[in-house]
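To start, the structure itself, in structure tokens.
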Amino acid sequence: MSVRSADALGGKAAIAGIGATDFSKDSGRSELKLAVEAVRAALADAGLSPADVDGMVTFTMDTSPEITVAQAAGIGELSFFSRVHYGGGAACATVQQAALAVASGVAEVVVCYRAFNERSGRRFGSGVQHREPSAEGAALGWNLPFGLLTPASWVAMAAQRYLHTYDLAPDVFGHVAVTARRHAARNPAAYFHERPVTLADHAASRWIVEPLRLLDCCQETDGGQAIVVTSRERARDLPHPPAVIVAAAQGAGRGQEQMTSFYRDGLTGLPEMNVVARQLWRTSGLRPDDIDVGILYDHFTPFVLMQLEEFGFCGPGEGAGFVAGDAMPLNTHGGQLGEAYLHGMNGIAEGVRQLRGTSVNQIPGAATSLVTAGTGVPTSGLILGADG
Amino acid sequence: MSADVSTDASTDASVRLYGRLKAFEGRAAVVAGAGKDPVNEPMIRHWCEAMADTAPAYSGPGAIAPPTMLQAWTMGGLSRHTGRSAAYDELLALLDGAGYTSVVATDCEQEYVRDLRPGDRITFDALIESVSERKTTKLGTGHFVTTRMDVRADGEPAGTHRFRILKYAPAGRGREGEREGERQGRKGGSERPRPVVNRDNAGFWDGVAQHRLLIQRCEGCGALRFPWLPGCGACGSPEWETVEASGAGTVFSYVVMHHPAFPAFDPPYAVGLIELAEGVRMVSNVVGVPYDKVRIGMPVQVEFLRVDEELELPVFRPAEGSGGGGGGGRGGGGGAAKRAGAHGLHATDAHRAADDSAARREGGGEGGARMRVGHELSALEIPVTRTLIVAGAVASRDYQDVHHDAEAARVKGSPDIFMNILTTNGLVGRYITDHFGPGARLRAVKIRLGAPNYPGDTMVLTGTVTALDADGTAEVRVVGANGLGHHVTGKVTITVAEQDS
């Protein structure tokens with residue numbers, strides 16, 4: 001893998017358009033309708049028409065097939081369609097798939113999308129009580145009879161070990177929540193617009209699964225987000241300045257499981273994100289100091305701290321202090337804790353806005369953003385850069 | 001089960017039935033009942049033996065009966081009740097006829113106004129206080145019936161006894177109960193989620209059935225592995241054999257589940273990640289210790305918990321002498337419920353106990369140091385043996401077959417026999433009087449049952465002083481947790497007369 005040498009994908013493709021529906025708790029429309037709205041919004045943002053699209057990528061978890069979204073969005077023939085597995089871990093990988101297709105000439109304009117009614121429809125937080133006897137089902141099956149049934153509980157198992165190892169209290173996770181909500185408070189698109197929280201609010205919020213409190217958990221959202229990827233050259237002719245895909249990577253660790261990687265190493269980090277980080281640094285030639293803004297996947301606060309440590313922004317166990325010190329602008333849209341839970345896709349859009357200079361919490365002169373996808377699962381990441 | 005009750009959607013039939021049931025409210029349940037025996041020393045002694053209650057007040061000259069025996073003196077025993085009203089029999093027959101043939105006691109609220117002493121003649125009357133709408137619980141669907149009994153001793157008021165039972169159709173059985181929603185809800189509803197068994201991991205579950213904890217060992221490189229997979233993650237070899245784990249391990253991490261609630265579990269409850277002595281890890285439950293006392297590094301030992309007719313699970317109990325409160329009781333003799341000695345307490349509890357005795361030495365008096373709002377009582381661990389269940393049932397003159405006959409219990413939808421409410425009541429009383437000493441008098445014990453106490457489990461009683469009056473009357477909130485969740489929650493009122501003892 002390109003952990004040992006820079007890959008040939010870096011810099012070939014760019015994000016030319018971003019588009020989303022409203023983020024709500026009850027969309028009142030189908031997931032397909034949300035997907036179509038987001039795709040059309042992203043194409044409009046890119047200054048392209050549905051007829052320009054020849055590739056589509058989404059998550060295996062998405063309920064709206066590429067062909068159906070294409071039909072309903074006025075998109076014609078497709079020469080490339082692909083789906084990425086592992087829940088929110090797919091987010092940045094959809095863009096990587098698109099970039100691979102564009103860079104190799106398999107497709108010219110690829111739309112990545114994710115849409116769901118995760119609040120009014122199937123709520124992931126309501127947990128799992130049954131799985132079919134497939135390999136995937138069996139892996140999760142070890143947890144079910146003992147009542148370890150929810151995403152929060154799977155994250156909490158690692159979070160507890162993290163706190164124990166570094167002799168920390170659950171309150172340290174509050175810094176991530178406070179930062180996200182501070183940014184969301186200034187974001188009109190955020191559910192928690194104008195509703196910041198304090199560390200005291202975090203510490204007073206109820207337990208969901210100890211050591212995680214309510215404010216350690218992201219929200220649940222109905223909505224859709226789409227991203228348009230094309231070649232760097234073509235993007236230069238479109239309305240917005242290109243957000244160049246400087247580096248894109250997927251990562252799975254040794255002994256990897258989906259949310260339940262309990263059986264390997266010290267349970268204090270995210271080895272799969274380390275695989276992503278090593279590739280992104282290698283291909284981009286950048287270092288942590290070069291990142292202007294970090295959009296780190298935040299379904300649960302502890303894994304934000306571990307990501308910072310895996311990327312080398314700070315040392316093991318130092319993530320909370322790093323966030324508390326505001327050492328790097330983090331999740332400036334409000335994150336999934338504050339803006340919306342769109343399986344990481346809304347974070348990619350924020351990474352793009354920062355490079356365009358259009359974020360509600362704009363970092364002056366931001367030229368490089370790091371975006372990550374779902375944690376605790378096989379995952380992915382992007383480094384996006386301003387053109388030139 | 002009572003923590004998890006829902007009211008069903010009504011049907012015409014259920015509305016009609018409920019109307020008929022409501023008509024019984026206010027009618028007599030027992031008229032001029034008389035205890036079959038006067039209060040007597042042998043029954044007191046049998047009770048105290050079953051409960052392992054050694055309080056001095058219950059033996060020797062001037063002995064009184066344990067107040068929690070109040071109901072036992074009114075029990076009909078094998079020769080059935082006398083004095084039960086026709087109305088009560090009709091009510092039960094009506095419920096039986098509607099398919100609600102099983103019965104389980106859910107609540108017992110007793111207030112004690114007079115000591116009972118050998119020779120006292122017991123008489124009592126009881127009223128049908130209320131009949132609930134149809135409710136669906138973990139056990140099944142049915143109606144709660146609440147009665148209130150006034151007990152007299154030699155004609156003087158001795159106490160009141162409010163008792164709630166659930167008359168129910170075991171899941172998926174009764175006529176009324178066989179409704180679409182319930183049939184769907186039952187499988188995978190209130191029962192524990194099933195393990196996911198396939199060709200790659202069936203060997204593990206075969207091992208569990210034989211009470212063996214099997215892990216895989218690669219025949220290529222010798223690496224041990226868990227979870228079960230058809231090849232080695234270290235060397236790729238497809239050849240493997242099984243090794244039986246010693247069952248010893250430590251808690252590597254754990255969580256406490258609060259939200260959301262699932263039908264099969266009673267939050268909060270702890271789930272542990274256990275690192276076996278052999279080096280592999282597995283997710284399991286830590287039993288025999290309250291959810292908030294599980295700690296990383298706690299040594300544990302495997303045991304096998306029968307969850308229901310189809311499912312047995314490997315679970316882990318704090319190892320003996322580990323500080324986990326494991327104190328040796330499993331399968332221990334004779335139904336004796338054993339108080340965790342200092343060696344068997346958590347470090348924190350041991351410290352607390354030491355603090356208490358220090359305070360007493362400083363002249364705080366028996367009631368002093370312990371009578372403080374917020375004071376937490378040391379935990380009492382009670383191994384739930386088959387012997388304890390049967391001895392408690394017999395000592396309380398309760399011959400319901402579900403408390404002594406496993407086969408009959410299974411027919412009624414229970415995986416095994418389970419502890420009766422009178423025994424739980426007695427154990428709660430003992431827990432309080434053990435803690436507060438001979439000066440303490442029980443004034444009221446009000447308990448509600450949740451997850452049943454099945455043989456092989458352990459109940460850990462914990463208590464917190466929640467209120468304290470100037471006259472030395474205190475309220476203690478008590479929780480008894482077992483491997484399935486909360487077996488009992490309740491409130492005990494006591495007075496401590498300092499000049500006593």
Side-chain angles (χ1 to χ4, degrees), chain A residues 123-165 167 170 205-214 217 253-257 260-268, chain B residues 187-189 191-202 204 225-230 233-234 251-275 280-286 291-292 294-297 305 307 311-315 485:
Chain A
R123 304 169 68 177
F124 301 161
S126 61
V128 178
Q129 295 186 74
H130 175 75
R131 275 285 190 264
E132 296 302 322
S134 62
E136 197 164 84
L140 196 61
W142 298 104
N143 306 286
L144 304 185
F146 305 104
L148 197 72
L149 304 172
T150 61
S153 72
W154 305 323
V155 172
M157 192 65 84
Q160 186 82 271
R161 187 72 199 179
Y162 178 90
L163 294 177
H164 173 82
T165 301
D167 196 21
S205 67
R206 67 188 167 107
W207 292 121
I208 299 299
V209 180
E210 289 178 57
L212 300 188
R213 298 181 178 279
L214 178 65
C217 306
R254 181 171 280 278
Q256 182 74 49
E257 304 252 337
T260 56
S261 298
F262 301 147
Y263 314 103
R264 62 181 189 189
D265 61 64
L267 216 58
T268 55
Chain B
K187 201 73 182 172
E191 68 179 13
R192 278 217 195 197
R194 304 288 101 172
V196 178
V197 183
N198 64 16
R199 291 178 184 182
D200 294 327
N201 66 24
F204 175 78
R225 67 174 183 263
F226 192 92
W228 278 46
L229 287 172
V251 175
F252 187 79
S253 191
Y254 68 96
V255 304
V256 179
M257 303 289 291
H258 289 264
H259 183 82
F262 294 90
F265 299 95
D266 189 14
Y269 62 94
V271 185
L273 177 63
I274 310 302
E275 187 158 274
V280 300
R281 298 179 201 149
M282 60 180 64
V283 167
S284 182
N285 295 124
V286 182
Y291 70 88
D292 58 351
V294 177
R295 292 291 178 270
I296 287 176
L305 174 69
V307 174
L311 183 60
E312 244 182 319
L313 292 174
V315 298

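No experiment lies behind these values; they were computed from the predicted model shown. Here is how names work: the chains are called A, B, and so on, in the same order as the sequence lines, proteins then strands, and each is numbered from 1.
Under a 3.5 Å cut-off, the side chain of B:Y254 and the backbone N or O of A:Q160 do not form any donor-acceptor pair.
We find the CG-CZ distance between B:L273 and A:F146 to be 11.5 Å, quoted to the nearest 0.5 Å. A distance of 14.0 Å separates CE in B:M282 from CZ in A:F262, rounded to the nearest 0.5 Å.
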Quiz prompt | Pair B:V196-A:L140, side-chain contact (heavy atoms from CB on, under 4.5 Å): steps then yes or no | solution = CA-CA 8 Å; B:V196 178; A:L140 196 61; over 6 Å; no
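Taking B:V315, B:V255, B:V197, B:L311 one by one and counting their heavy-atom pairs under 4.5 Å with chain A, the maximum is reached by B:V255. Taking chain B as the reference chain and counting heavy-atom pairs below 4.5 Å, the highest number among A:L149, A:N143, A:T150, A:L267 is found for A:L149. Of the listed residues (B:R199, B:R225, B:M257), the greatest number of heavy-atom pairs within a distance under 4.5 Å of chain A belongs to B:M257. Ranked by heavy-atom pairs under 4.5 Å with chain A, the first of B:G297, B:P260, B:P230 is B:P260.
Proximity to chain B (any heavy atom under 4.5 Å) is restricted, for A:S126, to the backbone atoms N, CA, C and O. Interface residue B:N285: backbone and side-chain heavy atoms are both found under 4.5 Å from chain A. Interface remark: B:F252 contributes backbone and side-chain atoms alike to the contact with chain A (heavy atom separation under 4.5 Å). Looking at B:F226, the atoms closer than 4.5 Å to chain A (heavy atoms on both sides) sit in the backbone and in the side chain alike. Using a 4.5 Å cut-off between heavy atoms, A:E257 touches chain B through its side chain atoms alone.
Among residues two or more places apart in sequence or in another chain, the salt bridge (Lys or Arg N to Asp or Glu O under 4.0 Å) test is passed with A:R123 by A:E220.
A:W142 places none of its side-chain heavy atoms less than 4.5 Å from the side chain of B:P195. Using a 4.5 Å heavy-atom threshold, the side chains of B:I296 and A:R161 count as touching.
Residues B:G233 and A:R254 approach most closely at O-NH1, 2.8 Å, considering heavy atoms. Between A:L144 and B:R194, the shortest heavy-atom distance links the atoms CB-O, 4.0 Å. Of all heavy-atom pairs between B:S253 and A:M157, the closest is OG-O, 2.6 Å. Closest non-hydrogen pair, A:A138 versus B:N198, comes out as CB-ND2, 3.4 Å.
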Return a table of donor-acceptor pairs under 3.5 angstrom between the side chains of residues 206-214 of chain A and protein atoms on other chains or two or more places apart.
{"unit_1": "A:R206", "atom_1": "NH1", "unit_2": "B:H259", "atom_2": "ND1", "d": "3.4"}
{"unit_1": "A:E210", "atom_1": "OE2", "unit_2": "B:H258", "atom_2": "NE2", "d": "2.6"}
{"unit_1": "A:R213", "atom_1": "NE", "unit_2": "A:A203", "atom_2": "O", "d": "3.4"}
{"unit_1": "A:R213", "atom_1": "NH1", "unit_2": "A:A203", "atom_2": "O", "d": "3.2"}
{"unit_1": "A:R213", "atom_1": "NH1", "unit_2": "A:S205", "atom_2": "O", "d": "2.8"}

